[in-house]
Trainee: 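Take this structure first; my questions come after.
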Amino acid sequence: MKALDFVISDRLPGTLARAGEITTAHGTIRTPAFIVGGTKATVKALTPAHIEELGGQAVLANTYHLMLQPGAATIQQAGGLGAFMHWSKPTFTDSGGFQVFSLGMAYKKGIDATSHSTKGDSTLATHNAQQLATVTDEGVTFRSHLDGSTHHLTPERSMELQHAIGADIHMAFDELTSPLAAPDYVRRAMDRTHAWAERCLTRHAELNTEHVKDGQNEQALYGVVQGARDESMRRESAQFLGSREFDGFGIGGVFEPDEISSVVRWVTETLPDDKPRHLLGMGAQPADLFLGVEYGIDTFDCVAPTRQARNAAVYTPDGRINILNAKFKVDFSPISSECGCYTCQNFTKAYLHHLFKADEMLGATLASIHNEYFVVHLVDAIRDSLIHGTFFELKAQWFERYYKT
RNA sequence: GCAGGGAUAGUGAAGCGGUCAAACACGGCAGACUGUAAAUCUGCUGGCAUAUGCCUUCGGGGGUUCGAAUCCCUCUCCCUGCA
């Protein structure tokens with residue numbers, strides 16, 4: 001079969017929103033959809049059975065992390081990512097491009113992926129100010145965060161590794177820039193990303209040819225749009241990549257929710273309409289999701305639901321709460337009485353509070369089940385609202401409640 | 001009973017004449033986290049005041065000293081030897 005099939009079934013008039021289906025060798029994803037983050041071939045704290053039960057349609061893993069551990073060859077030997085992690089549905093891999101940034105410039109500048117923490121004193125930056133990645137036109141040299149060993153990643157190498165890992169949908173190897181980067185650097189990184197995109201396409205096609213020869217499925221490749229917050233560069237990037245033979249597109253380098261109605265819109269307006277668009281790394285909050293869909297995003301991925309769950313923050317229709325707060329010690333109601341997840345059906349806030357206080361692993365699992373269910377089902381509800389023409393009512397309801405305080 | 005040692009904030013534990021409202025750890029309270037170097041990180045944690053500040057603390061009581069958690073006396077309790 002073709003690497004990927006994308007069909008748009010419904011559109012919301014006056015917007016860029018659409019509902020459809022992406023079909024891969026491992027099944028169909030009804031879009032818009034939230035793709036669950038499974039960086040190291042595991043959705044942290046969850047089993048595949050949990051992911052399935054909470055409604056996850058696909059998982060996104062990371063090439064950089066898997067090349068270091070356990071190594072792409074090991075995953076290939078296991079029969080590919082899905083077989084290795086016992087996930088039979090569709091899979092994505094990110095190219096390692098994000099780590100060019102997160103292990104590179106982000107540390108040098110003392111900022112993290114969320115550009116609002118530019119004080120240089122918070123979160124990642126304090127971890128270790130040492131830069132672990134350096135970029136040239138040829139590729140990127142990383143020092144492993146695990147053991148300090150040196151690794152080299154080029155567009156070609158990323159393609160080879162992603163084919164070995166064997167996800168259904170791959171990302172082109174890109175370089176994203178900080179919103180604070182100087183315009184000339186953004187330009188340079190974008191041009192480099194475009195040159196890399198063409199190299200990715202070439203190597204990807206060769207590898208797919210080999211797959212076909214071996215009687216295996218072809219794999220899909222998304223080009224990744226960059227250009228920071230500059231409209232002309234974003235449109236140029238979308239134009240450039242949109243004219244190439246990609247199966248879909250990732251939109252990278254989006255950090256702030258308010259960039260969705262600007263940056264994302266410039267890109268989706270420019271990209272070919274008939275191919276899927278994935279918003280890389282964004283989509284934890286209702287606003288991200290509603291606006292993303294409204295401006296033409298088909299799939300999202302975000303690590304925040306599981307990361308925040310591990311740190312005791314859980315989502316409710318009335319906003320986010322911290323289950324560790326003293327007020328939940330004897331609150332014997334579920335996180336949300338309206339939630340259908342396994343956690344809310346069976347456990348109370350007081351119990352979760354206790355698990356987190358006691359540092360019990362089950363807390364992370366139950367909170368992760370809830371947060372992933374919350375986001376996955378919200379996107380599913382948004383999809384339904386698109387089909388039934390009730391998108392704006394649903395959006396208004398959610399904004400009214402979730403952001404009321 | 002005799003001889004030593006010890007009692008410090010919620011807990012453990014530094015400090016042994018002024019720079020001590022008292023290190024540090026844990027605990028407690030809150031916050032952050034968006035292609036996962038994240039089960040992580042940050043702030044606060046005697047009382048009052050937004051801040052330089054003021055007030056009450058280092059087992060109890062009494063002294064010495066300009067000044068005491070730190071020195072002396074005494075009481076209480078604990079621990080270790082010897083009876």
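Below, chains carry the letters A, B, ... as their sequence lines are ordered, and counting in each starts from 1.
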Trainee: Can you tell me how far C1' of B:rA30 sits from NZ of A:Lys329, to the nearest Å?
Mentor: 17 Å
Trainee: If only atom types and distance count, is the side chain of A:Asn371 paired as donor or acceptor with the main-chain N or O of A:Pro305 below 3.5 Å?
Mentor: yes
Trainee: How far does the C1' atom of B:rC72 sit from the matching atom of B:rG81, given to the nearest Å?
Mentor: 26 Å
Trainee: Determine whether A:His145 and A:Tyr64 satisfy the following criterion, ring-ring contact (aromatic ring centres under 6.0 Å, His included), listing intermediate values before the conclusion.
Mentor: CA-CA 11 Å; A:His145 67 281; A:Tyr64 165 81; 5.7 Å; yes
Trainee: Without decimals, in angstroms, what is the distance between A:Leu132 CG and B:rA37 P?
Mentor: 11 Å
Trainee: Looking at A:Phe399, does the NZ or CZ of A:Lys395 lie under 6.0 angstrom from its six-membered ring centre and within 45 degrees of the ring axis?
Mentor: yes
Trainee: Residues from residues 290-306 of chain A sitting under 4.0 Å of RNA chain B, heavy atoms only?
Mentor: A:Asp301, A:Cys302, A:Val303, A:Ala304, A:Thr306
Trainee: How far, in whole Å, is B:rU57 from B:rC20 if one measures between their C1' atoms?
Mentor: 11 Å
Trainee: From the options A:Thr31, A:Asp298, A:Thr268, A:Asp10, select the one residue that forms a side chain to side chain donor-acceptor pair (under 3.5 Å) with A:Arg18.
Mentor: A:Asp298
Trainee: With the threshold set at under 4.0 Å for non-hydrogen atoms, list the residues of residues 167-176 of chain A touching RNA chain B in residue-number order.
Mentor: A:Asp174, A:Leu176
Trainee: Strictly by Watson-Crick or wobble contacts shorter than 3.5 Å, is anything paired with B:rA14, and which nucleotide is it?
Mentor: none
Trainee: Side chain of A:Leu60 only, heavy atoms from C-beta on: which candidate in B:rA37, B:rA32, B:rG35 is closest?
Mentor: B:rG35
Trainee: Roughly, in whole Å, what's the span from CD in A:Gln69 to C1' in B:rU36?
Mentor: 14 Å
Trainee: Checking all strands, does A:Gln285 fall into the base, sugar-phosphate, or nothing category for heavy-atom contacts under 4.0 angstrom?
Mentor: base
Trainee: CG of A:Asn62 versus C1' of B:rA38: gap in Å, rounded?
Mentor: 14 Å
Trainee: In whole Å, what is the span from the NZ atom of A:Lys44 to the C1' atom of B:rG35?
Mentor: 14 Å
Trainee: B:rC24 and B:rC44: how far apart are their P atoms, nearest whole angstrom?
Mentor: 11 Å
Trainee: In whole angstroms, how far is the P atom of B:rC33 from the CZ atom of A:Phe255?
Mentor: 15 Å
Trainee: Taking any heavy-atom pair under 4.0 Å as a contact, classify A:His278: base, sugar-phosphate, or nothing.
Mentor: nothing
Trainee: Could you please spell out the steps behind the side chain to side chain contact (heavy atoms under 4.5 Å, CB included) verdict for A:Phe92 and A:Met171?
Mentor: CA-CA 8 Å; A:Phe92 291 63; A:Met171 295 291 155; 4.0 Å; yes
Trainee: Quick one: is the NZ or CZ of A:Arg187 closer than 6.0 Å to the six-membered ring centre of A:Tyr185, and within 45° of its axis?
Mentor: no
Trainee: Would you kindly give the CZ-to-C1' distance between A:Phe249 and B:rG35, to the nearest whole Å?
Mentor: 17 Å
Trainee: Which part of the nucleic acid, if any, lies within reach of A:Ala312 when heavy atoms closer than 4.0 Å are counted: base, sugar-phosphate only, or nothing?
Mentor: nothing
Trainee: Using a cut-off of strictly less than 4.0 Å, decide whether A:Gln99 has a side-chain nitrogen or oxygen near OP1 or OP2 of B:rA37.
Mentor: yes
Trainee: Ignoring hydrogens and angles, state whether a donor on the side chain of A:His152 or A:Thr150 is under 3.5 Å from an acceptor on the partner side chain.
Mentor: no
Trainee: Enter the distance from A:Leu132:CG to A:Phe142:CZ here, rounded to the nearest 0.5 Å.
Mentor: 10.0 Å
Trainee: By the 4.0 Å heavy-atom rule, please label A:Glu360 as base, sugar-phosphate, or nothing.
Mentor: nothing
Trainee: Salt bridge or not for A:Arg157 and A:Glu160, using N-O below 4.0 Å?
Mentor: yes
Trainee: If the threshold is 4.0 Å, N to carboxylate O, is there a salt bridge linking A:Arg235 and A:Glu231?
Mentor: yes
Trainee: Between A:Asn311 and B:rA32, is there a side-chain N or O to OP1/OP2 distance below 4.0 Å?
Mentor: no
Trainee: For the P atoms, the ones on B:rU42 and on B:rC33, what distance do you get once it is rounded to whole angstrom?
Mentor: 15 Å
Trainee: Looking across every strand, which nucleic acid part, if any, lies under 4.0 Å from A:Gly253 by heavy atom: base, sugar-phosphate, or nothing?
Mentor: base
Trainee: About how many Å separate NE2 of A:His353 and CD1 of A:Ile323, when rounded to the nearest 0.5 Å?
Mentor: 8.5 Å
Trainee: Tabulated below should be each protein N or O lying under 3.5 Å from an N or O of nucleotides 25-29 of chain B; please produce it.
Mentor:
| unit_1 | atom_1 | unit_2 | atom_2 | d |
| --- | --- | --- | --- | --- |
| B:rC29 | OP2 | A:Lys357 | NZ | 2.3 |

Trainee: If you measure from the P atom in B:rG27 to the same atom in B:rA38, how many Å do you get, rounded?
Mentor: 22 Å
Trainee: Using the C1' atom in both, what is the distance from B:rC29 to B:rG10, to the nearest Å?
Mentor: 13 Å
Trainee: B:rC58 and B:rA69: how far apart are their C1' atoms, nearest whole angstrom?
Mentor: 4 Å
Trainee: Quote, to the nearest angstrom, the C1' distance that separates B:rU56 from B:rC78.
Mentor: 27 Å
Trainee: For the pair made of NE2 in A:His145 and P in B:rU40, what is the distance, rounded to whole Å?
Mentor: 15 Å
Trainee: Between A:Glu21 and A:Arg30, does any side-chain N to carboxylate O distance fall below 4.0 Å?
Mentor: no
Trainee: Which sits closer to the 5' end of RNA chain B, A:Leu279 or A:Asp359, going by the nucleotide each is nearest to?
Mentor: A:Leu279
Trainee: Using a cut-off of less than 4.0 Å, is there contact between a side-chain N or O of A:Arg320 and OP1 or OP2 of B:rG31?
Mentor: no
Trainee: Check this for me: does any side-chain nitrogen of one of A:Arg401 and A:Glu338 sit under 4.0 Å from a carboxylate oxygen of the other?
Mentor: yes
Trainee: Look only at the side chain of A:Thr93 and the backbone of A:His170, and say whether a donor-acceptor pair between them is shorter than 3.5 Å.
Mentor: no
